[in-house]
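What follows is a short report on a single structure.
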Amino acid sequence: MKDKNYMHAALICLGMLCYSLAMVTEKLNYPRSSLHGHHEKGKEGQVLHRSKRGWVWNQFFVIEEYTGPDPVLVGRLHSDIDSGDGNIKYILSGEGAGIIFVIDDKSGNIHATKTLDREERAQYTLTAQAVDRNTNRPLEPPSEFIVKVQDINDNPPEFLQENYHANVPERSNVGTSVIQVTASDADDPTYGNSAKLVYSILEGQPYFSVEAQTGIIRTALPNMDREAKEEYHVVIQAKDMGGHMGGLSGTTKVTITLTDVNDNPPKFPQSVYQMSISEASIPGEEAGRVKAKDPDIGENGLVTYNIIDGDGIEMFEITTDYETQEGVVKLKKHVDYETKRTYSLKVEAANVHIDPKFISNGPFKDTVTVKINVEDADEPPVFLAPTYIFEVEENASPDAPVGRVHAKDPDAKNSPIRYSIDRHTDLDRYFSISPEDGSIVTTKKLDREEMAWHNISVLASEVHNRHQEAKVPVAIKVLDVNDNAPKFPTPYETRICEKTQTIEPLITITAEDKDDTANGPRFIFGLPPEMLQKPNFTLRDNRDNTAGIYAKRTSFNRQMQDFYILPIVISDGGSPPQSSTNTLTIRICGCDRKGEMVSCNPEAYTLNAGLSTGALIAILACIVILLVIVVLFVTLKRQKKEPLIVFEEEDVRENIITYDDEGGGEEDTEAFDIATLQNPDGINGFIPRKDIKPEYQYLPRPGLRPASNSVDVDDFINTRIQEADNDPTAPPYDSIQIYGYEGRGSVAGSLSSLESATTDSDLDYDYLQNWGPRFKKLADLYGSKDTFEDDS
């Protein structure tokens with residue numbers, strides 16, 4: 001840690017020295033001058049104009065990763081016209097001004113207030129200007145300069161990969177190139193040795209070496225044998241500062257595998273093989289097997305067998321089983337126990353592929369002796385093959401042929417054979433076999449997705465001796481038919497903000513298919529044709545059995561529709577192709593300004609999106625207060641309007657008395673609340689008076705309407721007022737009486753107290769002065785044709 005602090009201090013001093021040298025160079029090359037400049041004369045007397053620079057500055061440097069207690073002094077800006085009286089103000093603008101770099105507006109000193117990282121940004125372009133402190137008037141044009149961040153060795157080398165894998169042939173020559181590893185250093189390669197890398201090998205010697213400058217790994221040991229050791233683990237280190245002490249380093253692991261070459265011949269593990277065969281065996285039956293071992297792998301380990309000599313060369317043949325790398329000795333012609341009981345063969349095993357580079361090592365072949373004894377014994381039937389493998393397509397109709405097994409009786413009597421299926425191996429009875437010829441057929445449709453292989457056993461027995469029985473395993477492979485459509489592995493659901501600006505896929509979907517890979521992938525994704533007209537969402541097939549779903553719109557309204565069901569059509573690559581339509585649920589959610597989802601519930605969103613919890617509580621409190629005020633107001637209003645006794649002057653109310661019959665006087669009057677004049681619609685129902693308690697109440701007579709009257713309502717009201725004022729027996733309330741007589745031109749006028757001059761009461765009667773139109777509407781309701789005018 002101390003070494004690193006010392007290094008930082010030394011680099012800071014170096015940076016300041018460079019800055020001082022730059023300032024001195026600037027002063028020597030560009031002498032300071034006044035803002036206005038001066039004239040110089042050339043050789044021929046012409047006046048030369050030389051523009052004086054108003055700033056003394058040069059390219060500035062600041063060391064990166066400085067962690068000192070005080071801000072770093074980057075440099076100083078000074079104008080020629082600055083006399084030191086403080087009237088000039090220095091202003092700094094540009095990249096990082098005011099945040100990373102600050103300037104003393106009086107002295108022009110620039111400091112870096114934050115730790116800088118050259119790997120994040122190597123330089124900053126700033127603009128300085130001198131202005132009048134009092135008027136902010138520019139005194140000189142803006143001047144631009146650059147602050148460069150000086151590099152220190154603070155980044156270790158990093159390899160492009162954490163683990164490398166490479167192959168090299170075994171027995172390669174020394175110096176054979178294996179692989180090149182590369183590391184990078186984020187430090188400045190043009191400054192010092194911070195990014196100068198040197199490679200070295202930490203593990204893997206003495207088998208491999210690495211070039212210090214290039215990182216190329218080469219073989220260092222000759223004749224490395226894969227059969228002895230196939231895999232090596234090598235650790236490579238990259239160190240900066242040219243590999244010197246104090247540099248930073250990084251490592252990577254390289255796994256090197258030796259690939260095989262044909263450097264080993266096949267060898268038989270024994271010199272003689274003993275075999276036997278019944279005299280009743282038929283041509284093609286196996287007498288035995290031989291095997292030569294080859295430690296090589298792949299095509300280098302392939303072995304072929306031949307019979308090159310022996311007295312049985314005409315009676316037997318040998319074939320190669322490339323799966324087991326064995327030589328299969330088979331009967332070529334019938335043998336007779338009584339004629340010859342023993343045969344001898346010389347079998348050769350040789351590599352199929354030979355590397356010319358290793359021919360000099362010797363012949364890549366080996367031989368062995370095979371002795372075959374002919375036996376005479378009563379044997380059970382023998383199948384021509386030790387196992388049978390058949391294929392049948394799924395969904396094939398019943399009785400579809402599968403294959404045929406064949407067995408023979410090796411005895412001289414050659415008893416007939418009967419075939420049957422061991423039902424313990426075919427519990428569901430998918431197959432049946434012909435007893436006579438061993439032909440196997442299906443009994444029901446097969447489903448590969450339910451069971452891809454069926455393993456059954458076929459029994460063969462002699463007709464004349466049921467105890468002579470043989471069993472052979474039969475493997476039946478169900479071939480795939482494209483009968484399953486691809487579909488989503490799980491239900492897909494995703495969410496999206498109402499205001500979305502993302503160009504990334506909302507979700508990446510994939511599919512699964514129960515069919516075999518030949519009929520399954522590649523999957524093809526698409527949208528139904530009806531979804532292609534003004535789509536809300538689009539689909540992009542990634543052509544790797546996945547697809548991305550993108551939002552076509554940038555704005556959604558969750559209150560109108562809070563989720564979308566997007567149908568997606570998925571097709572497979574089978575023949576014929578199968579397809580299915582799957583649905584993707586896309587929910588519209590409310591998000592905050594940071595794009596984080598808040599709620600996907602439309603009701604909850606309505607409350608939470610615009611108002612906070614405190615605001616909601618305040619609104620509810622206001623509503624409660626308003627309800628209390630309304631209840632109090634209604635209660636007081638009702639108490640104020642409760643009817644008083646008839647004789648109290650405060651309870652005086654207006655009444656409308658209508659006489660619908662001839663004669664009768666007061667007995668035919670009907671009282672109406674004054675509210676009827678305010679709401680003429682209330683005339684249709686009976687409304688009793690509230691200011692008095694009448695002895696009799698009469699219901700309105702339907703069909704009887706007052707006769708029209710041509711008397712002026714103004715005169716009628718004035719007359720009634722005078723009568724009421726002069727009548728000492730009148731009650732202490734105004735009454736409006738309408739006398740409706742039969743016929744027209746009734747001499748009985750209307751009366752009202754609108755113009756009453758009575759001042760004995762404290763009641764205000766002026767509210768009746770605007771009731772002229774209301775009297776007219778009331779008269780119309782009762783059928784009167786009198787003319788009413790608003791006297792007011």
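Remember, it's a predicted structure, so these values are computed and weren't measured experimentally. Note: hydrogens, waters and symmetry copies are ignored here, and every other heavy atom, side chains too, is used.
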- Message: I'd like to know if Asp426 and Arg423 make a salt bridge, using a cut-off of under 4.0 Å between side-chain N and carboxylate O.
- Response: yes

- Task: Run the salt-bridge test on Arg289 and Glu326 with the 4.0 Å N-O cut-off and return the result as yes or no.
- Result: yes

- Query: So among Asp225, Asp296, Asp294, which one has a side-chain hydrogen bond (donor to acceptor under 3.5 Å, both in side chains) with Asn264?
  - Reply: Asp296

Backbone N/O of [Y] and side chain of [X]: donor-acceptor pair under 3.5 Å:
{"X": "Asn545", "Y": "Phe523", "value": "yes"}
{"X": "Thr367", "Y": "Val347", "value": "no"}
{"X": "Asp321", "Y": "Gln325", "value": "no"}

- To the nearest 0.5 angstrom, please state how far the CG atom of Asp422 sits from the CD1 atom of Ile433.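 Output value for this atom pair is 11.5 Å.
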
- Item | Atom of Ser434, atom of Tyr419 and distance for their closest heavy-atom approach | O-CB, 3.8 Å

- Give the ring-plane orientation class for Phe208 versus Tyr232, where under 30° counts as parallel, over 60° as perpendicular and anything between as tilted. perpendicular

- Cation-aromatic face contact Lys371/Tyr273, 6.0 Å, 45 degrees: no

- Message: For Tyr305, does the six-membered ring have the charged nitrogen or CZ of Lys291 within the cation-pi criterion, i.e. under 6.0 angstrom from the centroid and within 45° of the normal?
- Response: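 Because its charged atom misses either the 6.0 Å distance or the 45° angle limit, Lys291 does not stack over Tyr305.
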
- Message: Is it true that Asn300 and Asn351 share a donor-acceptor pair across their side chains at a distance under 3.5 Å?
- Response: no

